[in-house]
*Asks:* 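Below is the structure I would like to discuss, written out as C-alpha cells.
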Amino acid sequence: MRATTVDSEVLRSRALGLRRLSASMAASEVVGVGVRAGSDVWLGPTATRCHDELTELGRRVTRASDVLIENARSLERRALELEIVAAGRAAH
Amino acid sequence: MSFLGYDRELLNALFDAMRRSSDELAALDSADPQAVDAMHVVRSSRLLLDQEWLPLLGGLLACVALDERRPVRLDPTDLRAAAFAGHQRERWQIVTDPLPGTVMSTVSLVDEARAIGAGLIDPSITGELTMDELTWLVDRLHVIAADPMARRALRDSIGGDDQWADLLDRLGLDRLEHAGRLLDDPENRASADRLSVLDRVSAGLAIVYSSGPHTARGGWYPTVIGLLDPYSAAVLLAQMDLDPDVAATAATQVLTRWLEGNDGRRMWGDPWSAGDNAADVLFRWLATDAAAARAFVERARRRPELLFRTTYDDASVVAVVAAATDPDQVAADVAGWLIMPLIDWNAAHGMLTVPTDGGVHNMRVVLATILAPWLLQLTARTDDWSWSPRAADATLRWVIEDEHAATRLVASMGAWQQNLAATPFVDDAGRLNDAVLHDLAQLFAKLQVAFRDEELADAVAAAFWRDASFFVVQILVSAFVAGPAASIAADLTFATLGAVAGTFLDDLVTQSPAGPSDGASARFGSRAADTAVIAVVSIVGQLVQNGRLPADALDALRLGDLDDDECTAGVVDERLREFVHGLSDSTDAATHNALVAVVNLFSNPLSIEQQC
C-alpha cells in the first residue's frame, strides 16, 4: 500500500482537477468550430476573418488543454516524491 | 466594395456550434493556481464568441438590415462577381461586407487566380471593365503575382497565346482610346485615371504571362506579341523585364508587323489614334535600357525605316538612339558603326514626304541631337567613323541647314562637352596635349565656317560660341589654374566668373547695348575673337584672384579703342597674342601655353583672313 500524506493527497486531487478541466476543454466543440466556418459556408472578407479567428481560437484552447496536462503531471510527480519520502520514514 | 456570401442553413449550423461552444466554455471553471492561464483562454474565447461572432451571425440570420451589410444582387458581368460565381450556391445570400478584401478571400489564392482567369477571358465580362473592377483587379494581380502557384494558375486559366492575345488586345486598345482622349483633353481626369490603372493591370498581367515554365531571363520569348495588335504588344513589352537581345528582337518584330500595315484580318489601332503609337511606346521603353537600345539599333541599322518610318514622336527616336550611342557607354567607333547607316539611309530617303501614318517629322533635328555628342567625329576625327572629311562636312551642313536643327545642335552641346571632358587635355607631366587641342581647334574652325556659310540666325551662332568658350575655359582653368585635381563639373557662366574677369567682361560683353550676340560682331568682327577674349580674360582673371598675377594684369589688354576702320577680328587676335606674350614672364610655362592654346583655339586664321 502506498504511503500517502496529506500534502500528497492534495497534490493528487489538484492534478485530477486539472486533468478533468483539460479533458473538458479538449472535448469542447470550440476546438473544431473553425472547420465549420469554411468556404462551403460563406465567402468574403468577414468570412475569412471569422474562419481565421475561430481556427486560432481552437488552437489556443488545445494548447491550453495540453499545458493543463503538463501541470497535472508535475503535481503528480511532486506527490510521488512526497510519498517516497514518507514510505522511507515509515520503513525506518 | 467587398461582398459576403453565405449559405443560410450552414451558417445557422455554425451559429449553433458557436453557441454550444460558448455554453461549454461557460461551464468550465477552476480555482487552481495552475489553471490560471487556461481559464484566461477559456474566458477570452467565450468573450470573442459572445461579443463578436454570435451577434454578427445572429444579425445575418435574423435578416437585420444594417447599413454596413446590405443585401445585394451581383451583376453577372462584374469580374468580381464572376470570380465569386463559381462558389456560389443557388440558395446563397449576398450582402455587402464592410471589411476590405475580396469575395474570394476564404478560398485559396490558387482557386481565386483560376476563377479570375476564367472571368478575364469571358468577353461578356471583360468587354469593358469598370474602374472599380480594374482597381480590384490590380490589387488581386499584385497578390497573385507574388505567389508562384497562383501565377501559374492564372496563366493557365487564361489559356494559350490566342486567349492571352484577346485579353491583352481588349486592354491595349482600351488604353489607346483613353490615351487619345487625354491628348484631346489633358484635364480629362477619368481618362488619366483609367490610363494609370490599365498600365498597372498590364504590369500585373505581364508578370503573370512571363511566369511560364522558363527559368532564365534570356531563354524565353513573349510569343503572344506575334498575335497582338502592335500597340497592345508595345504596351505589354513596356511592362516586361526582358533580356536586352530578346527586347530588341521583340521590338523589331512588333515594328515590322506595324510597317506591314495589317495581318490580313484587321487594321492596326494606333494609326487612327492621336496619342503615342506602338513605336513611341517601344522606343521610350528601349531607351531605359542602354543594352536593349543598342541591340535594337544594331537591328535597325540594317533596316532604318524601323526607326524613321514608324514613330509619331521624333523625341522617342532620339531617345532610343541616344541611349544606344551614349558616349559614356560606347566607344566612338561603335557609335559610328551604329549611326553611319542611319545617316546613309537618310541621305537616300530622308527627304521623302513623311507618311501620314508615321515617321520622323524633322530628320535634321533628330540627327542634330543624335550627332551632338560626336562633333569631333564630324570635324577633326572623321577617321573614327571611317568617312571622308567631305562627307562629314556635307552631313554637318545638311543638318544645320535647318535652323531648328542648328538650335538643337547647340542646345545638345552638353552631351558633346561631356564626351570631350573625358579627353585628357594635359599629360602626366603637365604638358598640353597638342593633338587634342588641334582637334578642338579644327572643330571650332569647321563649325565657324559652316555656321557662317549656312547663314545661321545670329542668336544660334552666338549661343554656340558662348557655350563653347565657357566650356573650354572651364577645362583649362581647372587644368592649369585651379590645379589638376580641380573639378570641371561646375558650370562656368558669367555669373560664376571671378570678380576680376567678370568686371572686365561686363564692360565688353554683357553690357553691350546691342546685346551679347549682336555686340560680338560689332566689337570684334567675329564670334571666335569674342570667345577668345572671354576665355583669355577668364583665365587671367582667375590667376589674379589666386594671387598668381598682379591685380592690374588685365589692364594691359586694351580692347576699348578699336577703330571702325580696322579689321577688328585681326586686331583683336593681334592684341590677344601680344597680351599673352606680355604675361610670359609672370606665368609658368604650362599656364602660358594654356593661354596661347586658347587664342589658337578660337582664332581661325582663315576666317580672319577672309574678314580682313
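Below, read A as the first sequence line, B as the second, and so on, with proteins coming before strands; counting in each chain starts at 1. Atoms considered below: every heavy atom in the structure, side chains included; atoms not considered: hydrogens, waters and symmetry mates. Given the structure is predicted, the values throughout are model-derived calculations rather than measurements.
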*Asks:* Can you tell which part of B:L11 gets under 4.5 Å to a heavy atom of chain A, answering side chain, backbone, both or neither?
*Replies:* both
*Asks:* Apply side chain to side chain contact (heavy atoms under 4.5 Å, CB included) to the pair B:L28 and A:L21, showing each step before the final yes or no.
*Replies:* CA-CA 7 Å; B:L28 299 177; A:L21 179 60; 4.0 Å; yes
*Asks:* For the residue pair B:M18 and A:L54, establish whether any side-chain heavy-atom pair is separated by less than 4.5 Å.
*Replies:* yes
*Asks:* Select one option (side chain, backbone, both, neither) describing which atoms of B:A27 are under 4.5 Å from chain A's heavy atoms.
*Replies:* neither
*Asks:* Between side-chain atoms of residues 145-153 of chain B and protein atoms elsewhere (two or more places apart, or another chain), which donor-acceptor pairs fall under 3.5 Å?
*Replies:*
unit_1: B:D147; atom_1: OD1; unit_2: B:M149; atom_2: N; d: 3.0
unit_1: B:D147; atom_1: OD1; unit_2: B:A150; atom_2: N; d: 2.9
unit_1: B:R151; atom_1: NH1; unit_2: B:A145; atom_2: O; d: 2.6

*Asks:* Less than 4.5 Å apart, side chain to side chain, heavy atoms only: is that true for B:L4 and A:T46?
*Replies:*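 Yes, at least one pair of side-chain atoms sits under 4.5 Å.
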*Asks:* Heavy-atom distance under 4.5 Å to chain A: side chain of B:D32, backbone, both or neither?
*Replies:* side chain
*Asks:* Measure across A:A64 and B:A38 and return the closest heavy-atom pair with its distance rounded to 0.1 Å.
*Replies:* CB-CA, 4.1 Å
*Asks:* Name the member of A:A72, A:G58, A:C50, A:S24 that forms the most heavy-atom pairs with chain B at distances under 4.5 Å.
*Replies:* A:C50
*Asks:* Is it the side chain or the backbone of B:S22 that comes within 4.5 Å of chain A heavy atoms, both, or neither?
*Replies:* neither
*Asks:* Compare all side-chain heavy atoms of B:P33 with those of A:R14 and state whether any distance is below 4.5 angstrom.
*Replies:* yes
*Asks:* Nearest 0.5 angstrom please: A:M25 CE to B:M39 CE, how far?
*Replies:*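 Spacing of CE (A:M25) from CE (B:M39) equals 8.0 Å.
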*Asks:* Please enumerate all residues that pass side chain to side chain contact (heavy atoms under 4.5 Å, CB included) together with A:E56, with sequence neighbours excluded.
*Replies:*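 By the side chain to side chain contact (heavy atoms under 4.5 Å, CB included) rule, A:E56 matches A:R59, A:R60, A:R63.
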*Asks:* Give, for atom CH2 of B:W53 and atom CZ of A:R49, the distance between the pair rounded to the nearest 0.5 Å.
*Replies:*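 The CZ atom of A:R49 is 4.5 Å from CH2 of B:W53, to the nearest 0.5 Å.
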*Asks:* Go through the atoms of A:V33 and report whether side chain, backbone, both or neither lie under 4.5 Å from a heavy atom of chain B.
*Replies:* both
*Asks:* How long is the straight-line distance from OG of A:S74 back to CD of B:Q34, given to the nearest 0.5 Å?
*Replies:*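 Interatomic distance, B:Q34 CD to A:S74 OG, rounded to 0.5 Å: 6.0 Å.
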*Asks:* Report yes if some heavy atom in the side chain of B:E24 is under 4.5 Å from a heavy atom in the side chain of A:V30; otherwise report no.
*Replies:* no
*Asks:* Just wondering, more than 12 heavy atoms not from B:D37 lying within 6.0 Å of its CG?
*Replies:*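 Atom CG in B:D37 is not packed in, count stays at 12 or less.
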*Asks:* Can you tell me how far CG of A:L57 sits from OG of B:S21, rounded to the nearest 0.5 angstrom?
*Replies:*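 Those atoms lie 8.5 Å apart.
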*Asks:* How long is the gap from CH2 on A:W42 to CG on B:L10, to the nearest 0.5 Å?
*Replies:*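 One finds 12.0 Å between CH2 of A:W42 and CG of B:L10.
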